Each structure stands twice: as structure tokens, then as C-alpha cells.
2 protein chains.
Amino acid sequence: MNIGEISGKSGLPAKTIRYYEDIGLITPQRSENGYRRFSDTDLHKLTFLGRARALGFSIEDCRTLMAMYEDESRASSDVKLVATEHLNRIDEKIAQLQSMRSTLSHLVSECAGDNRPDCPILNDLACGKS
Amino acid sequence: MNIGEISGKSGLPAKTIRYYEDIGLITPQRSENGYRRFSDTDLHKLTFLGRARALGFSIEDCRTLMAMYEDESRASSDVKLVATEHLNRIDEKIAQLQSMRSTLSHLVSECAGDNRPDCPILNDLACGKS
DNA sequence: ATAAAGCTTCCCGCCATGGGAAGGTCAAGC
DNA sequence: GCTTGACCTTCCCATGGCGGGAAGCTTTAT
């Protein structure tokens with residue numbers, strides 16, 4: 001498989017696949033013409049990476065998870081720890097965004113949104129008062 | 001005011017304040033020795049920027065909002081539009097994170113987290129099956 | 001034969017800073 | 001006066017995870 005084909009099958013852009021090789025997540029072989037030649041194992045790894053990234057895991061987490069996946073002797077508790085930490089980070093981000101959302105939606109609802117210049121959103125940003 | 005003092009008062013790191021000058025959000029004067037000299041107006045602007053950033057507005061949004069704040073004749077509907085668009089982006093992000101959270105917390109709850117190697121989290125990443 | 005598609009490497013850009021080096025300036029203490 | 005330390009300056013590099021695009025190969029289709 002050349003990069004275009006595996007890009008289609010894995011759903012990852014060619015740029016991303018080259019990047020993953022650069023940082024050592026995959027190590028495809030090379031054909032005589034210098035083209036990357038991907039195996040089914042590579043496809044499997046890229047699919048794994050795509051799914052992990054879709055769940056928001058960082059590249060370094062992905063590296064760890066892939067290593068665990070290939071290490072038959074790791075304990076499931078190790079995997080669970082990585083996933084739980086990531087889950088906590090997600091919860092923190094959600095809380096942060098919801099806090100923003102709460103303040104902002106309050107301000108938006110207070111703003112008349114008409115042709116007059118007076119605006120509680122700007123007033124709040126300027127003075128901390130809504 | 002030197003940069004250290006206004007940094008303390010505004011709550012923004014000196015690095016950030018220099019960056020904001022670089023990109024033209026503020027234009028502090030200079031003393032004879034080359035030090036930046038900040039006025040109360042600068043402090044006011046930085047406080048405005050800090051609050052807007054805390055609400056998640058991008059730098060470009062902040063630039064727009066500051067311009068609107070200084071333009072006495074703008075309509076509040078203009079401000080409301082910027083804020084509403086930002087609110088929508090926040091809602092999208094929250095939805096994305098909650099979708100991740102949902103999948104991930106399900107996987108975590110299925111994982112025994114013991115010394116055995118079998119792990120539904122990795123199985124899902126590898127095969128798309130939980 | 002030629003054009004188009006696909007592949008390669010390389011380098012720059014994003015966003016909003018943070019870290020740190022090399023060097024000028026100022027206030028306090030001896 | 002001299003030193004020490006705190007403060008300031010500019011400059012360049014790094015982050016994460018790629019995307020865009022140039023310059024130049026190879027392969028494929030017409």
C-alpha cells in the first residue's frame with residue numbers, strides 16, 4: 001500500500017501519517033523508488049491511533065497506549081489509569097467551558113442587541129460589572 | 001508604571017503584555033531608559049483583555065471587542081453577534097468533549113483494572129468493539 | 001510523448017504564549 | 001564607589017498536531 005491508499009483506508013490525512021512516522025509511532029518500509037510501503041499491521045496501528053485521537057488522547061498518550069497494546073503482559077489497571085487521567089482532564093475542560101458558557105450566556109441574554117450603543121457585555125468586560 | 005507593576009495589577013504575565021504590544025493590542029509609551037511606561041488607560045485595556053480572554057474569546061475577537069468598546073457609536077447588536085458566535089463555538093466544544101467523555105467513561109467502567117492483561121479499552125481502540 | 005496524479009523532502013505557519021540567554025538599568029546596602 | 005540583586009530590554013526557540021505549499025521525483029493514463 002502506498003500512502004494514498006492507506007490514507008483512504010485509515011481515514012487519516014497523508015500529512016498526518018508522515019508525521020506519525022516522523023515521531024516514531026509507525027515505521028513503514030520503503031519501496032525501491034523511495035515510496036513508503038505500508039503493511040496491514042501499519043493500517044491496524046493507524047486505525048488504533050485514529051480512534052485514540054478521536055477520544056482526545058494526546059500523541060504521547062497514544063504512544064503509551066500502543067506500547068501497552070503490544071505488550072501482552074501489561075496489566076489492565078495500567079491502561080485504566082491512563083484512561084482515567086484523560087477522563088479527568090476532559091471533565092476539567094468541560095467544567096471550564098461550562099463556566100465560560102454560563103457567564104457568557106447570561107451576558108448575551110442581557111444585551112438588547114439593537115441599534116443603541118449601550119451594551120452590558122462590554123460593560124462587564126470593562127468594569128467587571130454586568 | 002513599569003511592566004512588573006502593571007503585570008501585578010492586571011494579573012497578566014509580563015510576557016503576555018509584551019506580546020499584546022507586539023500584535024498591536026496596546027501601545028504603551030517608553031521612558032528615556034527604554035522601559036515601557038504604562039498609563040491607567042493601558043491598565044484598563046489589559047484588564048479588559050484579561051477578562052475577555054478568560055471568557056475564551058480569541059485574540060482577534062478581543063481586538064474586535066476592544067475596538068467596539070472604544071467606538072461609542074457601534075450598535076449593541078454588533079457586540080452581541082460576536083458574543084453569540086463565540087457562545088456557539090463553546091457549545092460545540094462542550095458537545096464534542098461530552099461525546100468523548102461518554103465513550104471513554106463507558107470504556108473505563110468496563111475495564112476491570114486488575115493485574116490481568118485483558119482490557120476492553122485497548123480492545124475498543126484496536127477493533128472498534130467494546 | 002506528454003500530461004496528470006501521486007509520491008518525496010523541506011520549510012514555514014498556526015495560536016497564545018513560556019523559557020531562557022545576553023545584556024542594559026536602577027535602588028539598596030557596605 | 002562598588003557590588004549585589006531585582007528589574008527591564010530584545011532575541012530566538014519551543015510547545016501540539018498538524019496544514020499549506022514549493023521543488024522535484026515516479027508512475028500511470030492518454
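Any value given below was found using the heavy atoms of this structure, including those in side chains, with hydrogens, waters and symmetry copies removed. Values in this document were obtained by computation on a predicted structure and should not be read as measured data. Here is how names work: the chains are called A, B, and so on, in the same order as the sequence lines, proteins then strands, and each is numbered from 1.
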What is the distance, rounded to the nearest whole Å, between atom CE of B/M1 and atom C1' of D/dC8?
16 Å
Specify the separation, in whole Å, of atom CD1 of B/I17 and atom P of D/dC7.
14 Å
For the NZ atom of B/K45 and the CG atom of B/D42, what is their distance to the nearest 0.5 Å?
6.5 Å
Looking at A/A95, is its backbone amide N or carbonyl O close enough to the side chain of A/S99 to form a donor-acceptor pair, meaning the two atoms are under 3.5 Å apart?
no
Given D/dG19, is OP1 or OP2 found less than 4.0 Å from the side-chain N or O atoms of A/T16?
yes
Rounded distance in Å - CD1 (B/I23) to P (C/dG13)
17 Å
D/dG17 base / A/K15 side chain donor-acceptor hit below 3.5 Å
no
Can you tell me how far C1' of D/dC18 sits from CZ of A/R53, to the nearest Å?
9 Å
A/S76 and B/D114: side-chain hydrogen bond (donor to acceptor under 3.5 Å, both in side chains), yes or no, with the steps?
CA-CA 6 Å; A/S76 69; B/D114 55 19; 3.2 Å; yes
Please report the distance, rounded to the nearest Å, between OH in B/Y19 and C1' in C/dG19.
16 Å
Give me the ring orientation class for B/Y69 and B/F48: parallel if the planes are under 30° apart, tilted from 30 to 60°, perpendicular past 60°.
tilted
Check this for me, if you would: do B/E60 and B/R63 make a salt bridge, where the nitrogen-to-carboxylate-oxygen distance has to be below 4.0 angstrom?
yes
With respect to the phosphate group of D/dG17, does any side-chain polar atom (N or O) of A/Y20 fall under 4.0 Å of OP1 or OP2?
no
Does A/R18 put a side-chain nitrogen or oxygen below 4.0 Å from OP1 or OP2 of C/dC7?
no
Indicate the atoms forming the closest heavy-atom contact of A/A126 with B/H44, along with that distance.
O-NE2, 3.4 Å
Distance check needed: D/dC18 P versus A/L46 CG, whole Å only.
12 Å
Of the listed nucleotides D/dG19, C/dT17, C/dG18, the one nearest the side chain of B/I59:
C/dT17
Mind running a 4.0 Å heavy-atom check of residues 30-42 of chain A against DNA chain C and sending the residues that fall below it, in number order?
A/R30, A/G34, A/Y35, A/R36
Atom CG of A/D22 and atom C1' of D/dG17 are separated, to the nearest Å, by 12 Å
Specify the separation, in whole Å, of atom CG of A/L55 and atom P of D/dG17.
14 Å
Spacing of CE belonging to A/M68 relative to CG belonging to B/L122, to within rounding of 0.5 Å:
8.0 Å
